[in-house]
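Heads up: the structure comes next, in C-alpha coordinates.
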2 protein chains.
Amino acid sequence: MSADHLFAALASPARRELLRMLRDEGAQPAGRLAERFDMSRPSVSEHLKVLKDAGLVAETRKGRERHYRLEAAPLMELRDWLTPYERFWRERLTALDALLDDMEDQDAR
Amino acid sequence: MSADHLFAALASPARRELLRMLRDEGAQPAGRLAERFDMSRPSVSEHLKVLKDAGLVAETRKGRERHYRLEAAPLMELRDWLTPYERFWRERLTALDALLDDMEDQDAR
DNA sequence: TTGATGCGTAGGATAATTCCTACGTATAGT
DNA sequence: ACTATACGTAGGAATTATCCTACGCATCAA
(Lines give C-alpha, C1' and ligand atoms only; values in the text may rest on other atoms or scores of the structure.)
Protein backbone atom coordinates (compact mmCIF):
# COMPACT_ATOMS: atom_id res chain seq x y z
CA MET A 1 0.00 0.00 0.00
CA SER A 2 2.81 2.37 0.83
CA ALA A 3 3.58 4.28 -2.32
CA ASP A 4 6.92 5.25 -0.83
CA HIS A 5 8.31 1.74 -1.10
CA LEU A 6 7.06 1.45 -4.64
CA PHE A 7 8.59 4.67 -5.92
CA ALA A 8 11.81 4.01 -4.04
CA ALA A 9 12.07 0.55 -5.56
CA LEU A 10 11.65 1.93 -9.06
CA ALA A 11 14.24 4.64 -8.50
CA SER A 12 17.12 2.25 -9.17
CA PRO A 13 18.00 1.53 -12.81
CA ALA A 14 19.28 -1.90 -11.79
CA ARG A 15 15.93 -2.80 -10.28
CA ARG A 16 14.03 -1.53 -13.28
CA GLU A 17 16.24 -3.69 -15.46
CA LEU A 18 15.46 -6.71 -13.30
CA LEU A 19 11.76 -6.02 -13.72
CA ARG A 20 12.21 -5.78 -17.45
CA MET A 21 14.00 -9.12 -17.57
CA LEU A 22 11.30 -10.82 -15.58
CA ARG A 23 8.70 -9.24 -17.82
CA ASP A 24 10.32 -10.19 -21.13
CA GLU A 25 11.87 -13.51 -20.19
CA GLY A 26 9.49 -14.79 -17.57
CA ALA A 27 10.16 -16.11 -14.08
CA GLN A 28 13.75 -17.06 -13.38
CA PRO A 29 16.02 -18.18 -10.56
CA ALA A 30 18.07 -15.43 -8.95
CA GLY A 31 21.35 -16.81 -10.25
CA ARG A 32 20.33 -16.67 -13.87
CA LEU A 33 19.35 -13.05 -13.47
CA ALA A 34 22.68 -12.29 -11.85
CA GLU A 35 24.68 -14.00 -14.62
CA ARG A 36 23.85 -11.33 -17.16
CA PHE A 37 24.24 -8.49 -14.72
CA ASP A 38 27.32 -6.35 -14.33
CA MET A 39 26.97 -6.76 -10.60
CA SER A 40 27.80 -9.33 -7.96
CA ARG A 41 25.23 -12.01 -7.21
CA PRO A 42 24.63 -10.89 -3.61
CA SER A 43 23.91 -7.37 -4.79
CA VAL A 44 21.31 -8.69 -7.18
CA SER A 45 19.82 -10.59 -4.26
CA GLU A 46 19.45 -7.38 -2.30
CA HIS A 47 17.79 -5.64 -5.19
CA LEU A 48 15.38 -8.53 -5.47
CA LYS A 49 14.63 -8.13 -1.79
CA VAL A 50 13.77 -4.47 -2.27
CA LEU A 51 11.51 -5.40 -5.17
CA LYS A 52 9.88 -8.09 -3.05
CA ASP A 53 9.22 -5.65 -0.21
CA ALA A 54 7.57 -3.34 -2.73
CA GLY A 55 5.38 -6.21 -3.89
CA LEU A 56 6.81 -6.02 -7.40
CA VAL A 57 8.26 -9.49 -7.30
CA ALA A 58 7.33 -12.79 -5.68
CA GLU A 59 9.45 -15.86 -5.12
CA THR A 60 8.56 -19.53 -5.24
CA ARG A 61 11.12 -21.96 -3.92
CA LYS A 62 11.90 -24.96 -6.08
CA GLY A 63 14.44 -27.05 -4.33
CA ARG A 64 17.51 -24.94 -3.77
CA GLU A 65 16.48 -22.53 -6.47
CA ARG A 66 14.26 -19.53 -5.94
CA HIS A 67 12.25 -18.50 -8.91
CA TYR A 68 11.33 -14.87 -9.05
CA ARG A 69 8.36 -13.68 -10.99
CA LEU A 70 7.03 -10.24 -11.74
CA GLU A 71 4.03 -8.99 -9.81
CA ALA A 72 2.57 -6.18 -11.86
CA ALA A 73 -0.21 -5.17 -9.48
CA PRO A 74 1.73 -2.38 -7.72
CA LEU A 75 2.52 -0.93 -11.13
CA MET A 76 -1.17 -0.59 -11.68
CA GLU A 77 -1.31 1.43 -8.48
CA LEU A 78 1.31 3.59 -10.09
CA ARG A 79 -0.94 3.98 -13.10
CA ASP A 80 -3.72 5.09 -10.76
CA TRP A 81 -1.37 7.57 -9.14
CA LEU A 82 -0.70 8.92 -12.61
CA THR A 83 -4.32 9.42 -13.58
CA PRO A 84 -4.99 12.89 -12.14
CA TYR A 85 -1.87 14.12 -13.89
CA GLU A 86 -3.15 12.81 -17.21
CA ARG A 87 -6.15 15.02 -16.78
CA PHE A 88 -3.82 17.95 -16.18
CA TRP A 89 -1.83 17.00 -19.23
CA ARG A 90 -4.93 17.01 -21.41
CA GLU A 91 -5.96 20.41 -20.08
CA ARG A 92 -2.60 21.74 -21.15
CA LEU A 93 -3.07 20.18 -24.56
CA THR A 94 -6.50 21.70 -25.07
CA ALA A 95 -5.11 25.04 -23.94
CA LEU A 96 -2.45 24.64 -26.62
CA ASP A 97 -5.11 23.73 -29.16
CA ALA A 98 -7.03 26.86 -28.28
CA LEU A 99 -3.89 28.93 -28.73
CA LEU A 100 -3.25 27.39 -32.12
CA ASP A 101 -6.84 28.09 -33.10
CA ASP A 102 -6.36 31.72 -32.13
CA MET A 103 -3.26 31.91 -34.30
CA GLU A 104 -5.19 30.47 -37.22
CA ASP A 105 -7.83 33.13 -36.67
CA GLN A 106 -5.09 35.75 -36.82
CA ASP A 107 -3.76 34.33 -40.06
CA ALA A 108 -7.22 34.20 -41.57
CA ARG A 109 -7.54 37.96 -41.34
CA MET B 1 14.89 12.37 -21.55
CA SER B 2 16.77 10.28 -19.04
CA ALA B 3 14.32 8.08 -17.23
CA ASP B 4 16.76 7.86 -14.34
CA HIS B 5 16.24 11.50 -13.39
CA LEU B 6 12.50 11.10 -13.64
CA PHE B 7 12.26 8.04 -11.41
CA ALA B 8 14.75 9.50 -8.96
CA ALA B 9 12.76 12.73 -8.76
CA LEU B 10 9.59 10.83 -7.98
CA ALA B 11 11.26 8.73 -5.31
CA SER B 12 10.94 11.47 -2.72
CA PRO B 13 7.58 11.85 -0.93
CA ALA B 14 8.28 15.55 -0.47
CA ARG B 15 8.68 16.05 -4.20
CA ARG B 16 5.56 14.07 -4.99
CA GLU B 17 3.68 16.27 -2.55
CA LEU B 18 5.00 19.35 -4.30
CA LEU B 19 3.77 17.98 -7.60
CA ARG B 20 0.37 17.32 -6.11
CA MET B 21 0.14 20.88 -4.80
CA LEU B 22 1.03 22.32 -8.17
CA ARG B 23 -1.49 20.03 -9.78
CA ASP B 24 -4.37 20.79 -7.42
CA GLU B 25 -3.67 24.43 -6.65
CA GLY B 26 -2.05 25.63 -9.83
CA ALA B 27 1.21 27.48 -10.38
CA GLN B 28 2.65 29.16 -7.29
CA PRO B 29 5.72 31.02 -6.09
CA ALA B 30 8.26 28.92 -4.23
CA GLY B 31 7.62 30.68 -0.93
CA ARG B 32 3.94 29.87 -0.85
CA LEU B 33 4.71 26.21 -1.41
CA ALA B 34 7.24 26.27 1.40
CA GLU B 35 4.83 27.92 3.84
CA ARG B 36 2.69 24.83 4.12
CA PHE B 37 5.61 22.46 4.18
CA ASP B 38 7.15 20.98 7.27
CA MET B 39 10.53 21.81 5.83
CA SER B 40 12.81 24.81 5.53
CA ARG B 41 12.36 27.07 2.53
CA PRO B 42 15.84 26.37 1.07
CA SER B 43 15.16 22.63 1.20
CA VAL B 44 11.98 23.16 -0.75
CA SER B 45 14.02 25.14 -3.25
CA GLU B 46 16.35 22.20 -3.74
CA HIS B 47 13.49 19.82 -4.26
CA LEU B 48 12.09 22.18 -6.85
CA LYS B 49 15.46 22.16 -8.56
CA VAL B 50 15.43 18.37 -8.77
CA LEU B 51 11.93 18.50 -10.20
CA LYS B 52 13.03 21.10 -12.71
CA ASP B 53 16.00 18.99 -13.82
CA ALA B 54 13.59 16.11 -14.35
CA GLY B 55 11.41 18.37 -16.47
CA LEU B 56 8.48 17.96 -14.11
CA VAL B 57 8.33 21.61 -13.23
CA ALA B 58 9.04 24.88 -15.00
CA GLU B 59 9.59 28.32 -13.56
CA THR B 60 8.59 31.73 -14.85
CA ARG B 61 10.06 34.73 -13.10
CA LYS B 62 7.71 37.50 -12.16
CA GLY B 63 9.67 40.24 -10.51
CA ARG B 64 11.38 38.78 -7.49
CA GLU B 65 8.96 35.89 -7.38
CA ARG B 66 9.38 32.64 -9.25
CA HIS B 67 6.23 30.89 -10.17
CA TYR B 68 6.51 27.15 -10.52
CA ARG B 69 4.10 25.21 -12.64
CA LEU B 70 3.66 21.53 -13.22
CA GLU B 71 4.93 20.03 -16.46
CA ALA B 72 3.11 16.75 -16.87
CA ALA B 73 4.83 15.60 -20.07
CA PRO B 74 7.51 13.48 -18.35
CA LEU B 75 4.76 11.74 -16.44
CA MET B 76 3.34 10.67 -19.76
CA GLU B 77 6.70 9.11 -20.50
CA LEU B 78 6.22 7.25 -17.28
CA ARG B 79 2.86 6.07 -18.53
CA ASP B 80 4.58 4.80 -21.67
CA TRP B 81 7.15 3.01 -19.57
CA LEU B 82 4.28 1.35 -17.78
CA THR B 83 2.51 0.09 -20.89
CA PRO B 84 4.32 -3.21 -21.45
CA TYR B 85 3.67 -4.09 -17.82
CA GLU B 86 -0.03 -3.49 -18.30
CA ARG B 87 0.02 -6.12 -20.98
CA PHE B 88 1.71 -8.48 -18.54
CA TRP B 89 -0.87 -7.62 -15.93
CA ARG B 90 -3.71 -8.46 -18.28
CA GLU B 91 -2.07 -11.75 -19.20
CA ARG B 92 -1.99 -12.64 -15.54
CA LEU B 93 -5.63 -11.70 -15.27
CA THR B 94 -6.66 -13.82 -18.21
CA ALA B 95 -4.63 -16.68 -16.78
CA LEU B 96 -6.56 -16.24 -13.57
CA ASP B 97 -9.82 -16.18 -15.50
CA ALA B 98 -8.86 -19.41 -17.22
CA LEU B 99 -8.10 -20.96 -13.87
CA LEU B 100 -11.44 -19.88 -12.50
CA ASP B 101 -13.16 -21.29 -15.55
CA ASP B 102 -11.44 -24.61 -14.94
CA MET B 103 -12.64 -24.61 -11.37
CA GLU B 104 -16.18 -23.96 -12.54
CA ASP B 105 -15.84 -26.89 -14.90
CA GLN B 106 -14.79 -29.01 -11.97
CA ASP B 107 -17.78 -27.86 -9.93
CA ALA B 108 -20.14 -28.55 -12.81
CA ARG B 109 -19.29 -32.24 -12.72
C1' DT C 1 19.57 55.11 -1.75
C1' DT C 2 18.07 52.23 2.01
C1' DG C 3 15.63 48.59 3.92
C1' DA C 4 12.68 44.73 3.40
C1' DT C 5 11.23 40.72 0.65
C1' DG C 6 11.64 36.43 -2.30
C1' DC C 7 14.72 32.94 -3.49
C1' DG C 8 18.73 30.41 -4.55
C1' DT C 9 23.48 28.63 -3.24
C1' DA C 10 27.28 27.15 -0.02
C1' DG C 11 28.83 24.33 3.35
C1' DG C 12 28.20 20.73 6.47
C1' DA C 13 26.09 17.09 9.49
C1' DT C 14 23.53 12.83 9.31
C1' DA C 15 21.27 9.16 7.19
C1' DA C 16 20.37 6.17 3.46
C1' DT C 17 21.79 3.73 -0.73
C1' DT C 18 24.70 0.92 -3.28
C1' DC C 19 28.11 -1.97 -4.00
C1' DC C 20 31.65 -5.33 -2.52
C1' DT C 21 33.87 -9.83 -0.20
C1' DA C 22 33.37 -13.30 3.22
C1' DC C 23 30.52 -16.39 5.31
C1' DG C 24 26.30 -19.29 6.62
C1' DT C 25 22.38 -22.32 5.35
C1' DA C 26 19.83 -25.49 2.88
C1' DT C 27 19.14 -28.68 -0.97
C1' DA C 28 20.90 -32.07 -4.66
C1' DG C 29 23.77 -35.40 -6.25
C1' DT C 30 27.11 -39.25 -5.45
C1' DA D 1 28.17 -38.79 4.88
C1' DC D 2 30.54 -35.46 1.68
C1' DT D 3 30.86 -32.20 -1.85
C1' DA D 4 28.98 -28.97 -4.92
C1' DT D 5 25.39 -25.75 -5.93
C1' DA D 6 22.02 -21.92 -5.19
C1' DC D 7 21.10 -18.62 -2.41
C1' DG D 8 20.78 -15.12 1.35
C1' DT D 9 22.95 -12.32 5.17
C1' DA D 10 26.73 -9.72 7.66
C1' DG D 11 29.73 -6.20 7.78
C1' DG D 12 31.92 -2.45 5.80
C1' DA D 13 33.58 1.13 2.33
C1' DA D 14 32.23 4.65 -0.73
C1' DT D 15 28.82 7.40 -2.65
C1' DT D 16 24.63 9.98 -2.73
C1' DA D 17 20.46 12.05 -0.60
C1' DT D 18 18.32 14.90 2.62
C1' DC D 19 17.98 18.23 5.68
C1' DC D 20 19.66 22.37 8.20
C1' DT D 21 21.66 27.45 9.01
C1' DA D 22 24.15 31.21 7.11
C1' DC D 23 24.80 33.99 3.39
C1' DG D 24 24.41 36.39 -1.30
C1' DC D 25 21.80 38.42 -5.00
C1' DA D 26 18.05 40.60 -7.16
C1' DT D 27 13.79 43.25 -6.90
C1' DC D 28 10.32 46.20 -4.88
C1' DA D 29 8.72 50.04 -1.92
C1' DA D 30 9.73 54.36 0.42
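Computed from a prediction, not measured in an experiment: that's the story for all the values here. The figures that follow rest on heavy atoms only: side chains count, while hydrogens, waters and symmetry mates do not.
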Practice problem: Take B:Glu17 and B:Arg20 through the test salt bridge (Lys or Arg N to Asp or Glu O under 4.0 Å) and record every step on the way to the result. | Solution: CA-CA 5 Å; B:Glu17 175 65 13; B:Arg20 192 201 58 76; 2.8 Å; yes
Quiz item: Among all residues two or more places apart in sequence or in another chain, which pass the salt bridge (Lys or Arg N to Asp or Glu O under 4.0 Å) test with B:Glu71?
Solution: A:Arg92, B:Arg69
Exercise. Determine whether B:Leu19 and A:Leu10 fall in the same hydrophobic cluster, where Ile, Leu, Val, Met, Phe, Trp and Tyr are linked whenever their side-chain heavy atoms lie under 4.5 Å apart.
Key: yes
Exercise. Take A:Val50 and B:Arg32, find for each the nucleotide of DNA chain C with the closest heavy atom, and name the residue whose nucleotide sits nearer the 5' end.
Key: B:Arg32
Taking only distance into account, with no hydrogens and no angle test, what donor-acceptor pairs under 3.5 Å do side-chain atoms of residues 28-43 of chain A form with protein atoms, sequence neighbours excluded?
residue : atom : partner : partner atom : Å
A:Gln28 : OE1  : A:Arg36 : NH2          : 2.8
A:Gln28 : NE2  : A:Glu25 : OE1          : 2.9
A:Gln28 : NE2  : A:Gly26 : O            : 3.4
A:Arg36 : NH1  : A:Glu25 : OE1          : 2.9
A:Arg36 : NH1  : A:Glu25 : OE2          : 3.2
A:Arg36 : NH2  : A:Glu25 : OE1          : 3.2
A:Arg36 : NH2  : A:Arg32 : O            : 3.4
A:Ser40 : OG   : A:Ser43 : N            : 3.4
A:Ser40 : OG   : A:Ser43 : OG           : 3.0

Self-check item: salt bridge (charged side-chain N to carboxylate O under 4.0 Å, His left out): pairs with one or both residues in residues 51-61 of chain B, sequence neighbours excluded
Solution: B:Lys52-B:Glu59, B:Glu59-B:Arg66
Quiz item: In residues 14-30 of chain A, which ones come under 4.0 Å of DNA chain C, going by heavy atoms?
Solution: A:Arg15
Self-check item: Interface limits on DNA chain C, where chain B has a heavy atom under 4.0 Å of a nucleotide atom
Solution: C:dA4 to C:dT9
Quiz item: Who are the side-chain contact (heavy atoms from CB on, under 4.5 Å) partners of B:Arg64, not counting sequence neighbours?
Solution: none
Quiz item: Among residues 37-46 of chain A, which contact DNA chain C at a heavy-atom distance under 4.0 Å?
Solution: A:Met39, A:Ser40, A:Pro42, A:Ser43, A:Glu46
Quiz prompt | Results of side-chain contact (heavy atoms from CB on, under 4.5 Å) for B:Ala72 - residues two or more places apart only | solution = A:Phe88, A:Trp89
Quiz item: Between CG of B:Leu82 and CD of B:Glu77, what distance do you get to the nearest 0.5 Å?
Solution: 13.0 Å
Quiz item: Going by the ring-ring contact (aromatic ring centres under 6.0 Å, His included) test, which pairs reach into residues 38-84 of chain B, not counting sequence neighbours?
Solution: B:Phe7-B:Trp81, B:Trp81-B:Tyr85
Quiz item: Should B:Leu18 and B:Val57 count as side-chain neighbours, where that means a heavy-atom distance under 4.5 Å?
Solution: no
Quiz item: Who are the side chain to side chain donor-acceptor pair (under 3.5 Å) partners of A:Arg16, not counting sequence neighbours?
Solution: B:Asp4
Quiz item: Quick one: side chain to side chain donor-acceptor pair (under 3.5 Å) partners of B:Asp80, sequence neighbours excluded?
Solution: none
Self-check item: Heavy-atom side-chain contact between B:Leu51 and B:Leu22 under 4.5 Å
Solution: no
Quiz item: Using a cut-off of less than 4.0 Å, is there contact between a side-chain N or O of B:His47 and OP1 or OP2 of D:dC19?
Solution: yes
Using atom names, set out every protein N or O paired with an N or O of nucleotides 27-29 of chain D below 3.5 Å, distance rounded to 0.1 Å.
residue : atom : partner : partner atom : Å
D:dT27  : O2   : B:Arg64 : NH1          : 3.4

Quiz item: Can you check the A:Lys49 NZ to D:dT9 C1' distance for me, whole Å?
Solution: 8 Å
Quiz item: Taking CD from A:Glu59 and P from D:dG8, how many angstroms apart are they, rounded to a whole number?
Solution: 7 Å
